[in-house]
Amino acid sequence: MGESILRNKSYDFALNIVELYKTLASDKREFILSKQLMRSGTSIGANIREAEFAQSSKDFIHKMSIALKEANETDYWLSILKDSNYISIQSFETLCSKNQELIRMLVSTIKTMKNKA
């Protein structure tokens, strides 16, 4: 059940990232940073999906760890976009909060699986 919540939250987060990317590309004409954010922010959920069909516990942990790395990178790009005034503090705080929740859930999932292994 925990993974389905993580799956849903990461998917919703990816949709938020896609919306932000569209806004940055059309309104701000910003393409470089926003593409990096798009790649890392949507990759979180993609790696969680890959983990659902992992071949082993080790493979599952590996895929979830990649998702965690992507979430950490997403946090970086969000900070850059905020500090360079491409996104508002409110947008940053909203997305950063959702991303931090994903990070906490991923860390918890990985720890649980490592303890089982």
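The first residue in the sequence is number 1, and the count goes up from there.
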Could you list the donor-acceptor pairs under 3.5 angstrom formed by side chains in residues 58-65, with sequence neighbours left out?
| unit_1 | atom_1 | unit_2 | atom_2 | d |
| --- | --- | --- | --- | --- |
| D59 | OD1 | K63 | NZ | 3.3 |
| D59 | OD2 | Q55 | N | 3.0 |
| S65 | OG | I61 | O | 2.8 |

Side-chain donor/acceptor pairs under 3.5 Å, residues 110-117, sequence neighbours excluded:
| unit_1 | atom_1 | unit_2 | atom_2 | d |
| --- | --- | --- | --- | --- |
| T112 | OG1 | S108 | O | 2.9 |
| N115 | ND2 | K111 | O | 3.3 |

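Hydrophobic clustering (ILVMFWY, side-chain heavy atoms < 4.5 Å, transitive): I5 and F13 are in one cluster. Hydrophobic clustering (side-chain heavy atoms under 4.5 Å, transitive across Ile, Leu, Val, Met, Phe, Trp, Tyr) groups I103 together with I48. At a threshold of 4.5 Å between side-chain heavy atoms, the hydrophobic network of Ile, Leu, Val, Met, Phe, Trp and Tyr places I17 and L33 in one connected group. In this structure, V107 is a member of the same hydrophobic cluster as L102, with clusters built from ILVMFWY side-chain heavy atoms closer than 4.5 Å.
By the neighbour-count criterion of 12 heavy atoms within 6.0 Å, atom CZ of F92 is densely surrounded, having more than that number from other residues, nucleotides or ligands. Within a 6.0 Å sphere centred on OH of Y76, heavy atoms belonging to other residues, nucleotides or ligands number 12 at most.
When side chains are defined from C-beta on, Y21 does not count as touching T42, because their heavy atoms never get closer than 4.5 Å. In this structure, the side chains of L68 and N47 stay at 4.5 Å or more apart for every pair of heavy atoms. At least one side-chain heavy atom of I44 sits under 4.5 Å from a side-chain heavy atom of L106. Here the side chains of L24 and L81 are in contact, with some heavy-atom distance below 4.5 Å. Using a 4.5 Å cut-off on side-chain heavy atoms (C-beta onward), L20 and L78 make contact.
Of all the heavy atoms in G45 and S10, the pair that sits closest is CA-OG, 3.4 Å. Considering all non-hydrogen atoms of both residues, W77 and S40 come closest at CD1-OG, 3.7 Å.
Remark: D12 pairs with no residue by the side chain to side chain donor-acceptor pair (under 3.5 Å) rule, at least two apart or across chains. Checked against side chain to side chain donor-acceptor pair (under 3.5 Å), E93 has no partners two or more places apart in sequence or in another chain.
Within the structure, every pair that satisfies the salt bridge (charged side-chain N to carboxylate O under 4.0 Å, His left out) test and touches residues 71-88, not counting sequence neighbours, is listed here: R39-E73. Residue pairs satisfying the salt bridge (charged side-chain N to carboxylate O under 4.0 Å, His left out) criterion with at least one member in residues 20-35, sequence neighbours excluded, are listed as follows: E19-K22.
Side-chain atoms of N99 do not come within 3.5 Å of backbone N or O of L95 as any donor-acceptor pair.
Atoms CG and CZ, on L6 and R104 in that order, are 12.0 Å from each other to the nearest 0.5 Å. Here the straight-line distance linking atom CD of Q36 with atom CD1 of I80 works out to 11.0 Å at 0.5 Å rounding.
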